[in-house]
Structure formats: C-alpha cells, structure tokens
Amino acid sequence: MTRTIGLIGGMSWESSAAYYRMLNEEARRRLGGHHGARSVLLTVDFAEIEAMQRAGDWEGGGRLLAEAATTVERAGADLVLLCTNTMHRVADAVEAALTVPFVHIVDATARRITAAGLIRIGLLGTRFTMEMDFYRERMRRYGVEVLVPQEPDRTLVHDVIYQELTRNRIESSSRDAYRRIMAGLADRGAEGIVLGCTEITLLVGPADSPVPVFDSTRIHVEAALDLALT
C-alpha cells in the first residue's frame, strides 16, 4: 500500500464503519497476508450535518466538510473520500479545499454502470439524493438515466434511512418495503438499482432485487483502492 486514503465519515457512523471494514477487507483480498489499507478517518457530528440538511444550509455544510477535508489531508491523506452520498451535494466545495485527488462516489458508480452496458437505473437514497439534481446530473454526464420511486415510496425510503438505519435499527418490514420498491423500479424500466445511500447496504443487497444492484459504498471503496495501489 503506497498511498494513504483519507475518509471523511460520521454521516452516519454506521455507514462509516462499513467503509472502514470494506476498505480493509478489499485491501487484504487484493494484497493477501496481513495487509490492510493505510487510512486516516475524521468523523464529523452527524447531528450538525442533519440540521443543516433540514434547514437547506448546503453552503454551511460545504464549509464544514471542506474544513474536514483539509484536516484529513494534513493528517497525511494522499486521496480523499467523502463517506456519504447525500453530502456529495457539496462535493465541489470539498474538492476545492484539497490539493490531493478527491474520489467522487457518483463518478465511480456511473463508470461501473456503463461498464455493465446499462443506461437506465433506479436510484434509492435520501430525499435530497433522489429529488435534487446533483446526483442525476452527474449520472447524465455518463449517459445514464435515473429513475426514482414515486410518492409515497420516496418518503418511505427516506424515513427508513433517517429513522432506522442511521440509528442502527434494521427492520424486516422495511426490507420487505425496499424489495417491493426495487421491483417497482424494475417494472418501470430500470435495468439496475443503485443503493445511493451508504446506510442502505445495511438493509438490502443483490439478493433483494430483480435486477443488478450497484452498491455505491463498495464501488467507492474499490475505486479508492484502485487509485491508492497504482
């Protein structure tokens, strides 16, 4: 391992723990033996971020995460990941604060989708990710069309994330609901499903979907290791 991976986490800590585990599992798989990933992790307070999201204070969130990015770089990071989908809404501010590469979760996911030959995907995530333009516009750069659930399913997907998954609650009824929603997206023409919130992988996976699943968390981790190991 020649480069140190910087992680800006805490949004939520449950998903950041998944990032850390996946990063080291994948490093060991690739390198063998006792290898792990060289990394530095800064965990922000999700309560501050969540309040900014509710208030629509994306500029404030951008400043907070840009400061976190510079801290991680000063700690020795040679590349940086923002361990969240939703807060990639302010990815430009984070990237502008860095002098080292920033690995964008949507870029990594879109490349994996196009490599699979798909052009229309269903997206599950927070309301911000599903309804704002930042995710779908970034996907469009790669020729990928995004479908999202209709209401009231968008609200259900969002509420499960904030009321259950970010509080480390895993409910079988919510898994059943997500399965139904993924099947509905496939019925509408989605060729694959993007798990576009880092917590969703705690609830559902490939076996829960009738079409291929793209786990943005795992894809993000793999893209970081691709760069760190070059």
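Just so you know, these numbers use all the heavy atoms, side chains as well, and skip hydrogens, waters and symmetry mates.
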How far apart are the closest heavy atoms of [X] and [Y], and which atoms are they?
X      : Y      : answer
Ala37  : Ala27  : N-CB, 3.7 Å
Leu123 : Gly196 : CD1-CA, 3.9 Å
Phe102 : Glu95  : CB-CG, 3.8 Å
Ala224 : Leu79  : O-CD1, 3.7 Å
Gln53  : Trp58  : CG-CH2, 3.9 Å
Gly9   : Cys83  : CA-CB, 4.2 Å

Closer than 3.5 angstrom, by distance alone: can the side chain of [X] be matched with the main-chain N or O of [Y] as a donor-acceptor pair?
X      : Y      : value
Arg3   : Asp78  : no
Asp208 : Arg179 : no
Ser209 : Pro212 : no
Asn24  : Tyr20  : yes
Arg169 : Gln163 : yes
Thr71  : Glu67  : yes
His88  : Ile105 : yes
Arg188 : Gly122 : no
Ser16  : Ser12  : yes
Glu73  : Thr99  : yes

If we only count heavy atoms from C-beta on, is the [X] to [Y] side-chain gap below 4.5 Å?
X      : Y      : answer
Leu81  : Ile8   : no
Arg180 : Asp153 : yes
Glu191 : Val211 : no
Glu145 : Ile121 : no
Leu185 : Leu124 : yes
Val204 : Ile200 : yes
Ile170 : Arg175 : yes
Tyr19  : Thr217 : yes

Going by atom types only, do [X] and [Y] share a side-chain donor-acceptor pair under 3.5 Å?
X      : Y      : value
Glu151 : Thr155 : yes
Thr109 : Ser216 : no
Glu14  : Thr166 : no

Straight-line distance of [X] [atom1] to [Y] [atom2], nearest 0.5 Å:
X      : Y      : atom1 : atom2 : answer
His35  : Leu229 : NE2   : CG    : 10.0 Å
Met22  : Leu225 : CE    : CG    : 12.0 Å
Asp215 : Ile193 : CG    : CD1   : 13.0 Å
Glu171 : Leu165 : CD    : CG    : 9.5 Å
Leu41  : Ile5   : CG    : CD1   : 12.0 Å
Glu48  : Leu65  : CD    : CG    : 10.0 Å

As a quick check of understanding, evaluate side chain to side chain contact (heavy atoms under 4.5 Å, CB included) for Asp159 and Glu164, giving each step before the final call.
CA-CA 8 Å; Asp159 287 348; Glu164 297 175 19; over 6 Å; no

Under the side-chain hydrogen bond (donor to acceptor under 3.5 Å, both in side chains) rule, what do Thr198 and Thr84 come out as? Steps first, then yes or no, please.
CA-CA 6 Å; Thr198 48; Thr84 165; 5.2 Å; no

Could you tell me whether Glu59 atom CD has more than 12 heavy atoms of other residues or ligands within 6.0 Å of it?
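Counting other residues, nucleotides and ligands, CD of Glu59 stays at 12 neighbours or fewer.
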
Criterion side chain to side chain contact (heavy atoms under 4.5 Å, CB included) on Ser174 and Leu203, from CA distance to verdict:
CA-CA 8 Å; Ser174 297; Leu203 185 66; 4.2 Å; yes

Trp13 reachable from Val40 in the ILVMFWY side-chain graph, under 4.5 Å edges
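Different clusters.
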
CA sep, side-chain torsions, deciding dist, call: Phe134, Val90, side chain to side chain contact (heavy atoms under 4.5 Å, CB included):
CA-CA 9 Å; Phe134 73 96; Val90 299; over 6 Å; no

Could you give me the CA-CA distance, side-chain angles and deciding distance for Tyr135 and Met130, then say whether side chain to side chain contact (heavy atoms under 4.5 Å, CB included) is met?
CA-CA 8 Å; Tyr135 214 95; Met130 292 186 290; over 6 Å; no

Are Glu25 and Arg28 within salt-bridge range, i.e. N to O under 4.0 Å?
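No, Glu25 and Arg28 are not salt-bridged.
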
Going by an N to O cut-off under 4.0 Å, is there a salt bridge joining Arg30 and Asp226?
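Salt bridge present between Arg30 and Asp226.
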
